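Working notes, structure below.
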2 protein chains.
Amino acid sequence: MERQSEIPQLLGDLISRNSTKLTEADTRLLDVMMQDPIRAAMENGKAVSFRAGVHPASAVRLARRLGFKGYPEFRTFLQANLIEGGGDFESPAARMAARLVRAEDGGVLSSVLDSEIAALQQVRNAVSDADVRGFSEVLRDCRRVFVFGRGHSAALASLIALRLNRSGYPAVDLASQMHLIAEALATLGPGDVVWLLAFRKASPLIHQIRKIAAERGAKVLALTDLLSARIDPAPDRQISVSRGEAGESQSLVVPMTIANAVILDLAAIDDGRSLRALSGFKAFRADCGLSPVIL
Amino acid sequence: MERQSEIPQLLGDLISRNSTKLTEADTRLLDVMMQDPIRAAMENGKAVSFRAGVHPASAVRLARRLGFKGYPEFRTFLQANLIEGGGDFESPAARMAARLVRAEDGGVLSSVLDSEIAALQQVRNAVSDADVRGFSEVLRDCRRVFVFGRGHSAALASLIALRLNRSGYPAVDLASQMHLIAEALATLGPGDVVWLLAFRKASPLIHQIRKIAAERGAKVLALTDLLSARIDPAPDRQISVSRGEAGESQSLVVPMTIANAVILDLAAIDDGRSLRALSGFKAFRADCGLSPVIL
DNA sequence: GCGGCACCGCAAGAAGTAATGCAATGGAAA
DNA sequence: TTTCCATTGCATTACTTCTTGCGGTGCCGC
């Protein structure tokens, strides 16, 4: 099949090449397709031809006329066009291949960078601004925050608690207070928020804490990967991100970035509370009289 | 079907709503879908399940578990989500416009992602594989590691210490042991390594610790940004990176990624020591008899 | 260690989609 | 006007995709 050697890169190209032999029905079909290429690439021949007001058989014949073996092959072409042309959306396979090539000639660093960047790119698809806003709204309206994570997530939990405190939101890192955890949970009530972090394996403690929060009417935020997404009862707000490539990514880059976005968004919706607290903290540190060694 | 009155606007939403009943196969499928929602919306159940490495039947069952009548209805939902909400793959121009609109009305997430990705890209120019290797070699040949960071860096320090320990390198996070810091430093000697972390403002403690390490013949690694790069006397190895735009990027993404690269590189040059320790740790956790609540 | 339970893959059957032979319509040339 | 040809729509056939009952397997609680 010589078409392979000269696959038109665009639908428009393809049309102009064959414009002489196009019929009335073909035109109607292509018109509909050009108006909404996304739908065209997703729908099946029957649906497209219905929208074009022609018989499904015409869609098949158009595909063949354009040089494809059948309609499915035509649709595959449309899809490939969209995905490739889409800029950020290389196919995962292509991305993986690129990474392997780079990993071969480069060292560890560039391959780590590649995989972190790819993971961050994927966040665009997996997490919406509404998700972030959901978290920040809950935080804005709460009295106290308890952050909890075990293992690697513990580091992230302490960072989140630190940043929330500096933004004027009373936050406690439960993991660093394990010996006081019962006391902390005992005072939990409506108006409090528990922010859970779980990756790769949700600690049983996570579930117990979630249960206690439910009983006491505290809200629950959960930032997890898909492996740890099962929390019962479901958190009030949850953001689940892909755990990335098959490789055991130990990285906290993605969740940390999401947490950063939440805290930044919080500052955008709390009428200056965060900003005031931050500058207050700065001033305090400057002239509190404490030794700089301690700070 | 009452689902119609409350159709979740996003796949993520839908996952968190049903997160409790998701199975292993479901997770694999959703993972693949989240990584490339466009493909997922276009492909049929068979293709998606193949990419996820599960049986097509699992795709159907996932769809039903999520509340759809069957897989086709699930795919229709995915498509609808993309068309109205995402705009993730309109023409490049349209996408750019959409991004601007989103950024204007507060799309914090994507701007955070952009700046983190840009910061990671810069690392390629600022840090070489030789720098990474320099760190990992020092770590490989040392007896003990002391990691130190204040403020935000403290979270990173604890993460580094945790990972080094799991890799079989005795490491202590000094910041979490502030009350014992004198005792720890008192035993410092040749063969020990101090890994310093400093960003935006090097704590005076950093300099004192560096001085003590010099007197006692311990090696010093420093991971800093350019503002905190002046440590006297100079560390044995130092990596200085820009943490992103001039804006007050509080993010630890860049240093964390470099630390990850170092630890990964360490595993590549220590003849299996890291790998053995990691699998040893895994085995220990599995049958040490300790309550999983603690771990 | 033994039942009970949930999950997964398999494979047969059901549903839906695509392809093709055939007849009807409409237009152009003889 | 008649004939021929292209194109469309319909209906049937062929094919792909989806669904579902069944048996094997692993895990948890007893």
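The structure presented is a predicted model; accordingly, all values stated were derived computationally and were not measured. A note on names: the letters A, B, ... follow the listed sequences, proteins ahead of strands, and every chain is numbered from 1. Values below: every heavy atom of this structure, side chains too, minus hydrogens, waters and symmetry copies.
A/Leu196 has its side chain out of reach of A/Leu221: every pair of non-hydrogen atoms, C-beta onward, lies at least 4.5 Å apart. In this structure, the side chains of A/Val145 and A/Asp192 stay at 4.5 Å or more apart for every pair of heavy atoms. Looking at heavy atoms from C-beta onward, B/Thr257 lies out of side-chain contact with A/Ser251 at the 4.5 angstrom threshold.
Electrostatic pairing of A/Asp236 and A/Lys219 does not count as a salt bridge here, judged by no charged N lying under 4.0 Å from a carboxylate O. A salt bridge is defined here as a Lys NZ or Arg NE, NH1 or NH2 lying under 4.0 Å from an Asp or Glu carboxylate O, and A/Arg75 with A/Glu43 fails to meet this definition.
Protein atom CD of B/Glu24 is 15 Å distant from nucleotide atom C1' of D/dT25, rounded to whole Å. Here the P atom of nucleotide D/dA6 and the CG atom of A/Asp26 are 15 Å apart, to the nearest Å.
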N/O to N/O distances under 3.5 Å, protein versus nucleotides 17-19 of chain D:
residue: D/dT17; atom: OP1; partner: B/Asn44; partner atom: ND2; Å: 3.0
residue: D/dC18; atom: OP1; partner: B/Gly45; partner atom: N; Å: 3.4
residue: D/dC18; atom: OP2; partner: B/Gly45; partner atom: N; Å: 3.2
residue: D/dC18; atom: OP2; partner: B/Lys46; partner atom: N; Å: 3.3
residue: D/dT19; atom: OP1; partner: B/Tyr71; partner atom: N; Å: 3.2
residue: D/dT19; atom: OP2; partner: B/Tyr71; partner atom: N; Å: 2.9

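Ring geometry for A/Phe77 against A/Phe68 counts as tilted: the plane angle lies between 30° and 60°, on a 0 to 90° scale.
Closest non-hydrogen pair, B/Met256 versus A/Val253, comes out as SD-N, 4.0 Å.
B/Tyr169 carries B/Arg273 over the face of its six-membered ring, with the cationic atom under 6.0 Å from the centre and within 45° of the normal.
Note that the first and last nucleotides of DNA chain C, 5' to 3', having any atom under 4.0 angstrom from a heavy atom of chain B are C/dC7 to C/dA11.
Residue A/Thr23 places at least one side-chain N or O under 4.0 Å from the OP1 or OP2 atom of D/dT8.
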